[in-house]
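Since this is a predicted model, take the numbers as computed values, not measurements. Values below: every heavy atom of this structure, side chains too, minus hydrogens, waters and symmetry copies.
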Amino acid sequence: MAASINRGSMIFVQKALKYFPLRQISILTSEKTSLCGSRHRVHHRNVFWHSSSASAAMKDQPAGAEKPSEGEENVKPEASPRETELLQENEKLAENFATMNDKYKRSLADNENIRTRMRKEIADAKQYGIQGFVKDLVEVADVLGRATDSVPKSALDEGNPHLKSLFEGLLMTNAQLLSVFKRHGVAQINPIGEKFNPNLHEALFEQVDDSKEAGTVGTVTQVGYSLHDRVVRPAKVGVVKAKS
C-alpha cells in the first residue's frame with residue numbers, strides 16, 4: 001500500500017513538472033503513518049526545475065501552436081516599404097554629401113590658387129609698375145650721354161669756361177639720373193667684350209675683330225636697361241664673327 005502511495009506521489013510530481021516548468025516545486029513530506037502502524041520519517045526535499053529560454057518561449061506560445069523549424073528561424077524578415085524608402089533616401093543623402101564635399105574641397109583649392117596668383121600680381125605691380133615710365137626715361141639718359149660724348153676734349157682744353165661749365169653740368173645730370181635708376185632697380189646693360197646673349201642683346205650686325213673671340217660683343221651702339229630681372233630695352237650690339 002505504501003509503495004502504491006509513493007508511486008502516486010511520483011506520478012503527481014511528474015505531472016506538475018510537465019505543466020509548470022518555470023516554477024520551483026517544493027515537495028514537503030512529513031511523517032506518514034503506515035497501515036501497519038509504523039511511522040516513517042520522510043526528509044524534506046526540494047526539487048528545482050530551471051527552464052531554458054526555449055522553454056520560456058514555448059510557454060508563451062498559445063496552445064496548439066507549432067514550433068518554428070530551424071530553417072524558418074534563419075530567414076530574415078522582409079523590409080517594409082517605409083524601410084526601403086528610408087534606405088534609398090539614406091543612399092541619396094550619402095551621394096549628395098560626397099558630391100558637396102568634393103565641390104567644397106575644389107572650391108577651397110581654387111580660392112587658394114586665386115589668392116596666390118593675386119599676391120604674385122600685386123608684387124609684380126609694385127616691382128614693375130614703373131616699367132613704362134622707365135622705358136621712356138632711358139631715352140633721356142641716351143640724349144644726355146650723346147650730348148657729353150659730342151663735346152671734344154680739345155674744346156675743353158681751349159679754356160672756354162662756359163663750355164666747360166656746361167659739360168660738367170651734363171655729366172652731373174647724367175650721373176644723378178643713373179643714381180636714381182639704380183635706387184629704383186634700373187641697371188644699364190653695356191656688354192662690351194661679353195658673350196652674346198639673345199635674351200639681353202639685340203644683334204644688329206657682325207664684324208671682324210681678330211683681337212676678340214668669335215661670338216662676343218665687339219661694339220655697343222646703344223646700351224640697354226633692365227628693371228630688376230626684367231629687360232626694359234635690350235642692348236643693340238655688333239657681334240664678332242668667326243674667321244672664315
Side-chain angles (χ1 to χ4, degrees), residues 102-157 160 162-244:
D102 181 67
K103 290 182 178 179
Y104 172 70
K105 291 180 179 179
R106 290 178 182 273
S107 178
L108 288 180
D110 292 340
N111 290 334
E112 184 62 26
N113 293 335
I114 292 173
R115 283 194 293 268
T116 302
R117 188 165 59 251
M118 291 299 295
R119 285 194 292 265
K120 177 73 167 54
E121 291 178 357
I122 292 172
D124 290 344
K126 290 180 178 179
Q127 194 170 19
Y128 304 109
I130 61 173
Q131 182 174 350
F133 176 70
V134 170
K135 191 172 182 180
D136 294 334
L137 198 58
V138 294
E139 296 180 1
V140 178
D142 294 338
V143 173
L144 289 174
R146 284 194 294 268
T148 55
D149 293 339
S150 63
V151 179
K153 291 183 179 180
S154 59
L156 296 174
D157 295 337
N160 188 345
H162 300 287
L163 180 59
K164 188 175 182 180
S165 298
L166 179 60
F167 180 76
E168 290 176 356
L170 290 175
L171 290 178
M172 292 175 62
T173 303
N174 192 26
Q176 183 65 25
L177 183 59
L178 293 178
S179 176
V180 172
F181 281 170
K182 185 177 181 180
R183 188 161 58 247
H184 290 280
V186 181
Q188 271 192 348
I189 302 175
N190 191 2
I192 189 71
E194 297 180 3
K195 194 74 174 177
F196 175 75
N197 186 352
N199 297 322
L200 302 176
H201 313 145
E202 180 182 350
L204 299 180
F205 57 90
E206 288 184 330
Q207 66 183 64
V208 178
D209 192 343
D210 297 336
S211 62
K212 296 179 181 179
E213 185 181 355
T216 58
V217 177
T219 304
V220 177
T221 60
Q222 187 181 46
V223 296
Y225 288 92
S226 64
L227 177 61
H228 299 292
D229 56 348
R230 184 179 295 180
V231 177
V232 177
R233 188 183 72 186
K236 297 180 180 180
V237 299
V239 183
V240 179
K241 67 178 181 179
K243 295 180 182 180
S244 56

Closest non-hydrogen atom pair, [X] against [Y]:
X    : Y    : value
L170 : A147 : CD1-CB, 4.0 Å
I192 : K212 : CD1-NZ, 3.9 Å
I189 : A235 : O-CB, 3.6 Å
K135 : E139 : O-CG, 4.0 Å
P191 : V237 : CG-CG1, 3.9 Å
V217 : F196 : CG2-CA, 4.2 Å

First locate atom [atom1] of [X], then atom [atom2] of [Y], and finally report the distance between them rounded to the nearest 0.5 Å.
X    : Y    : atom1 : atom2 : result
D209 : T219 : CG    : OG1   : 7.5 Å
E168 : L163 : CD    : CG    : 10.0 Å
L137 : I130 : CG    : CD1   : 9.5 Å
L171 : L144 : CG    : CG    : 9.5 Å
R233 : L200 : CZ    : CG    : 13.5 Å

Worksheet item: Just by distance, do the side chain of S107 and the backbone of K103 share a donor-acceptor pair under 3.5 Å?
Response: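 The answer is no, because no donor-acceptor pair under 3.5 Å joins these two groups.
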Worksheet item: Hey, does the side chain of T116 reach the backbone of E112 with a donor-acceptor pair shorter than 3.5 angstrom?
Response: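 Answer holds: yes.
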Discussion item. Test of understanding: with ring pair (Phe, Tyr, Trp, His ring centres under 6.0 Å), list the residues that count as partners of H184, not counting sequence neighbours.
Written reply: none
Item to complete: Could you list the residues that satisfy ring pair (Phe, Tyr, Trp, His ring centres under 6.0 Å) with F205, not counting sequence neighbours?
Response: none
Discussion item. Test: ring pair (Phe, Tyr, Trp, His ring centres under 6.0 Å). Region: residues 125-148. Which pairs qualify, not counting sequence neighbours?
Written reply: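 For residues 125-148, and leaving out neighbouring residues, the ring pair (Phe, Tyr, Trp, His ring centres under 6.0 Å) pairs sorted by first residue read Y128-H228.
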Counting neighbours of [atom1] on [X] that are heavy atoms of other residues, nucleotides or ligands and sit closer than 6.0 Å, is the number greater than 12?
X    : atom1 : result
E213 : CD    : no
R119 : CZ    : yes
K164 : NZ    : no

Worksheet item: Which pairs, with at least one residue in residues 186-204 and sequence neighbours excluded, count as a side-chain hydrogen bond (donor to acceptor under 3.5 Å, both in side chains)?
Response: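 Sorted pair list: Q188-Y225.
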Worksheet item: Is D124 salt-bridged to K120, going by a charged N under 4.0 Å from an acidic O?
Response: yes
Discussion item. Just to verify, what does A187 make a side-chain contact (heavy atoms from CB on, under 4.5 Å) with, not counting sequence neighbours?
Written reply: S226
Item to complete: Report the C-alpha separation of V232 and V186 in whole Å, then their side-chain angles, then the decisive distance to 0.1 Å, and conclude whether the side-chain contact (heavy atoms from CB on, under 4.5 Å) test is met.
Response: CA-CA 9 Å; V232 177; V186 181; 5.9 Å; no
Item to complete: Please list, chain by chain and in numerical order, all residues satisfying salt bridge (charged side-chain N to carboxylate O under 4.0 Å, His left out) with R146, sequence neighbours excluded.
Response: none
